[in-house]
Amino acid sequence: RHDMNFGQMHRRKGNQATPPSTARPRRRRVKGGGSRGSNGPNLFLLGLLVLASTVLIIFEVIVYRMLGSSSAHTKSMATTAKMSNFVNMNANPSPKQYAPTPTKRPTPIDLDHMTFEPTGKRKGWRLRSARDSYIKDIKFWETRNPDALPPLPPDTDPTTGAHLPPVIAYVTTLTSCGPLPKHRNGLDGAAVLLQSIRRNSHGWVPLKEHQSFFAPQYGGQGGRYRFRAYVFVDPSASPTLDSVYGECARFLQKIGYTVLHRAPLVPLFEVKDQNYTDESPFYREFVNSGYVGVQRPPSSLRPGENPNRLRMWMKNDGCCGYTELLKLHVYGMVEHKVAVHLDFDSLLLRPMDDLFDAMLGKGDEATRKKLPLANLPRTKAVNFDRPIDAVFTRDYNSVVHPNTPNAPVGYQGGFLAVRPSLLVLERYRTILKRANFLLAPRDGWGGKHGGFYGDVTFQGILPYYYEDVAPEGEHNEAELDRCIFNQMADNPRKSSYKFPRATPIDPVRMGFHDTKVCRDGRKDCSDTDCQRVHPKDSITTHFTFCKKPWDCSEGLPGTVASGTCLGLLREWYAIRRELEDLWLVPPSDDAQAFYRNDETIAKVHASRKGILDGSQYFGYCDYSGEGGYHKLVEPDEVRT
């Protein structure tokens with residue numbers, strides 16, 4: 001066999017013998033002056049390999065220069081080293097031909113010299129893609145203006161002349177729409193939310209056919225205030241889109257929501273292409289008003305920080321990124337005396353009349369003082385001699401260091417009621433342009449409101465405004481008892497598990513337990529043990545810890561929150577059934593959508609034949625999980 005060690009195959013000039021350790025029998029000369037096993041073919045192959053490697057190197061260098069990619073350069077150098085080693089295994093190539101040895105160890109960080117780029121230089125396409133996509137979306141405003149609110153109904157009854165109560169604006173937000181179930185199932189939540197508002201507002205007449213086992217157990221006797229339901233819509237989910245991305249808003253329009261297209265208070269990125277026309281005065285003002293961070297003070301920037309880092313955080317923060325700040329437009333509903341923003345996964349259990357009385361300064365002081373307020377370390381005193389202009393609950397489950405009373409905590413993003421004010425709305429616009437948010441470490445808005453879920457957007461900007469920006473004494477805001485309003489059945493104590501968990505009945509079997517640390521920083525937090533509060537004592541609920549009804553949630557089995565969650569979930573299914581029954585009866589003033597076709601009605605009854613615990617899920621589930629849920633059948637007739 002031929003020896004493939006090319007460094008030893010070449011014999012010395014004059015056919016000198018090789019050293020004894022590598023000596024081989026002399027081979028018989030053949031015609032042509034060579035020998036059997038001549039070096040000729042091997043040298044030819046060697047030349048081909050060298051040529052191929054050279055061509056490969058040249059090709060990858062060209063690609064590297066065209067794409068500006070250092071990864072191509074690294075691969076080329078590694079290929080060069082490999083081919084060189086094959087050609088001459090005894091050679092010692094230069095270390096510069098090899099890529100650095102990979103390691104799994106974290107790279108030490110020097111904060112004094114760190115640039116805080118939003119992405120690595122090799123992944124700068126993420127920033128470009130985000131900016132290009134965002135600017136493409138706001139081009140929607142080149143040809144249209146934000147929708148105006150339709151005129152409100154008269155304050156007096158046209159028949160009797162009697163004075164009618166104020167109209168409360170109930171608002172929710174649609175930030176995206178797509179073909180995935182997570183987008184469509186949430187629409188059922190919006191439909192059931194609207195029904196829960198309707199049945200707890202002025203003018204509701206309970207259904208006579210609905211006095212049965214399947215009837216909701218709480219509320220449903222009307223209320224003292226009228227309502228109108230709105231949905232803020234991002235252009236990416238506009239009903240004007242012919243594709244599936246417009247179907248969500250069209251469904252919400254059909255069942256009774258008034259769609260309001262809303263733009264961000266300021267653009268997230270700078271818009272340099274200002275090809276606006278005289279037909280789009282709003283777009284001209286919008287792009288010229290500035291953008292996030294355009295007035296950012298140097299004190300808000302860490303050394304070497306890239307300004308786009310904060311914008312990228314905003315784009316991806318919380319549940320919905322920067323579009324979640326569309327909720328701030330609730331302050332612009334000045335045609336209404338009170339506006340309430342609720343998420344799709346919320347539900348009214350009873351009327352909020354007492355809260356609205358306190359916000360409008362109605363009733364006596366003794367009645368207003370009965371409003372269920374929080375009594376926690378960060379709770380501010382409320383002046384009941386004047387109307388309350390904003391109410392909220394805090395999200396203590398997102399506190400990073402719950403063992404300290406002054407730990408930053410945001411407002412819960414699923415519930416906010418305000419007395420609308422254009423002045424406040426403009427202040428939020430200014431806040432976004434100044435972008436006084438500290439990153440790395442994530443100290444947050446004003447260096448105090450950060451480090452928790454949603455801190456960069458809605459849940460962080462609200463406390464920053466009320467506690468740091470608004471002039472002292474101007475507002476009379478109130479933190480509500482989170483077990484009564486926006487009830488999430490959460491555990492007030494920190495769990496040994498890495499995330500907040502309900503109190504286990506059997507800690508050994510569950511594998512985690514409660515600690516002695518209260519999430520609000522107090523030593524005793526038993527007065528805010530919402531997981532043990534009966535649904536009859538709550539006014540609104542928010543399906544977060546109990547999970548979504550359209551996921552056929554089991555209600556946190558094995559924990560003390562199970563009874564509360566199952567009760568809240570059952571009420572949701574009962575109100576859904578009430579909504580379907582409303583759509584099945586002859587047209588009335590209570591609804592504008594109906595079931596009329598026999599085929600549609602058959603689908604409605606078929607959707608109630610699920611096999612999972614009919615007393616709990618009312619036939620709407622086959623098994624626990626998103627795939628086991630029976631979707632709400634869309635109405636086939638709409639009254640214009």
Side-chain angles (χ1 to χ4, degrees), residues 147-172 190-211 215-216 218-231 252-260 330 332-342 347-364 367-368 370-371 387-389 391 417-421 539-540 575 578-579 581-594 635 637-640:
D147 298 323
L149 268 66
L152 295 179
D155 294 335
T156 57
D157 190 315
T159 303
T160 64
H163 181 75
L164 296 174
V167 179
I168 304 298
Y170 286 91
V171 190
T172 190
V192 176
L193 170 62
L194 178 55
Q195 175 61 15
S196 73
I197 295 170
R198 182 185 293 118
R199 66 193 304 271
N200 289 296
S201 298
H202 177 79
W204 169 254
V205 179
L207 298 178
K208 296 180 180 179
E209 300 85 352
H210 221 256
Q211 307 300 322
Y218 316 111
Q221 301 301 314
R224 298 196 299 270
Y225 289 87
R226 293 181 291 170
F227 82 96
R228 178 178 283 178
Y230 300 92
V231 55
L252 296 177
Q253 279 181 317
K254 178 183 290 188
I255 65 174
Y257 282 92
T258 298
V259 169
L260 299 176
V330 72
M333 310 285 285
V334 292
E335 293 81 355
H336 294 268
K337 295 182 178 180
V338 175
V340 184
H341 192 283
L342 299 168
L347 193 73
L348 262 70
L349 303 174
R350 294 185 285 130
M352 293 195 287
D353 294 343
D354 293 340
L355 172 62
F356 298 148
D357 286 346
M359 297 185 71
L360 295 175
K362 293 185 175 182
D364 54 32
T367 302
R368 293 196 296 269
K370 294 180 181 179
L371 192 67
I388 298 173
D389 51 11
V391 295
V418 301
R419 296 177 64 192
S421 167
I539 295 178
T540 73
I575 295 178
E578 182 182 66
L579 173 62
D581 289 345
L582 177 65
W583 288 348
L584 285 168
V585 300
S588 66
D589 294 336
D590 293 322
Q592 68 177 48
F594 309 98
E637 182 176 324
V638 178
R639 179 178 59 194
T640 58

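All residue numbers refer to positions in the sequence shown, counting from 1.
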Considering only heavy atoms from C-beta outward, does the side chain of [X] approach that of [Y] to under 4.5 Å?
X: V340; Y: I197; value: no
X: I539; Y: L355; value: no
X: P166; Y: V338; value: no
X: Y170; Y: L348; value: yes
X: D354; Y: K370; value: no

Residue list, ring pair (Phe, Tyr, Trp, His ring centres under 6.0 Å) with [X], at least two apart or on another chain:
X: Y218; value: none
X: Y230; value: H336
X: Y225; value: F356

*List the steps and the verdict of side chain to side chain contact (heavy atoms under 4.5 Å, CB included) for W204 and Q195.*
CA-CA 10 Å; W204 169 254; Q195 175 61 15; 3.5 Å; yes
_Can you list everything that forms a side-chain hydrogen bond (donor to acceptor under 3.5 Å, both in side chains) with T367? Sequence neighbours excluded, please._
D364
*asked:* My understanding is that only residues two or more places apart in sequence, or in another chain, count here; which of them pass side-chain hydrogen bond (donor to acceptor under 3.5 Å, both in side chains) with R226?
replied: none
*asked:* Please determine whether side chain to side chain contact (heavy atoms under 4.5 Å, CB included) holds for the pair I255 and L579, giving the CA-CA distance in whole Å, both sets of side-chain angles, and the decisive distance to 0.1 Å.
replied: CA-CA 10 Å; I255 65 174; L579 173 62; over 6 Å; no
Examine distances only and state if a side-chain atom of [X] and a backbone atom of [Y] form a donor-acceptor pair shorter than 3.5 Å.
X: R228; Y: P150; result: yes
X: D357; Y: G363; result: no
X: N200; Y: G220; result: yes

List for me each residue that meets side chain to side chain contact (heavy atoms under 4.5 Å, CB included) alongside [X], sequence neighbours excluded, and say none if there are none.
X: T172; answer: V231, Y257, F344
X: Q221; answer: P206
X: T160; answer: D157, A162
X: S421; answer: L423, V424

Using the test salt bridge (Lys or Arg N to Asp or Glu O under 4.0 Å), find all partners of [X] that sit at least two apart in sequence or belong to another chain.
X: D389; answer: none
X: D147; answer: R144
X: K337; answer: none

*asked:* For R419 versus M359, what's the shortest heavy-atom pair and its separation?
replied: CD-O, 3.2 Å
*Could you tell me which non-hydrogen atom of A339 sits nearest to which non-hydrogen atom of V330, and how far apart they are?*
CB-CG2, 3.5 Å
*CG of L584 to CZ of F594: how many Å apart, nearest 0.5 Å?*
11.0 Å
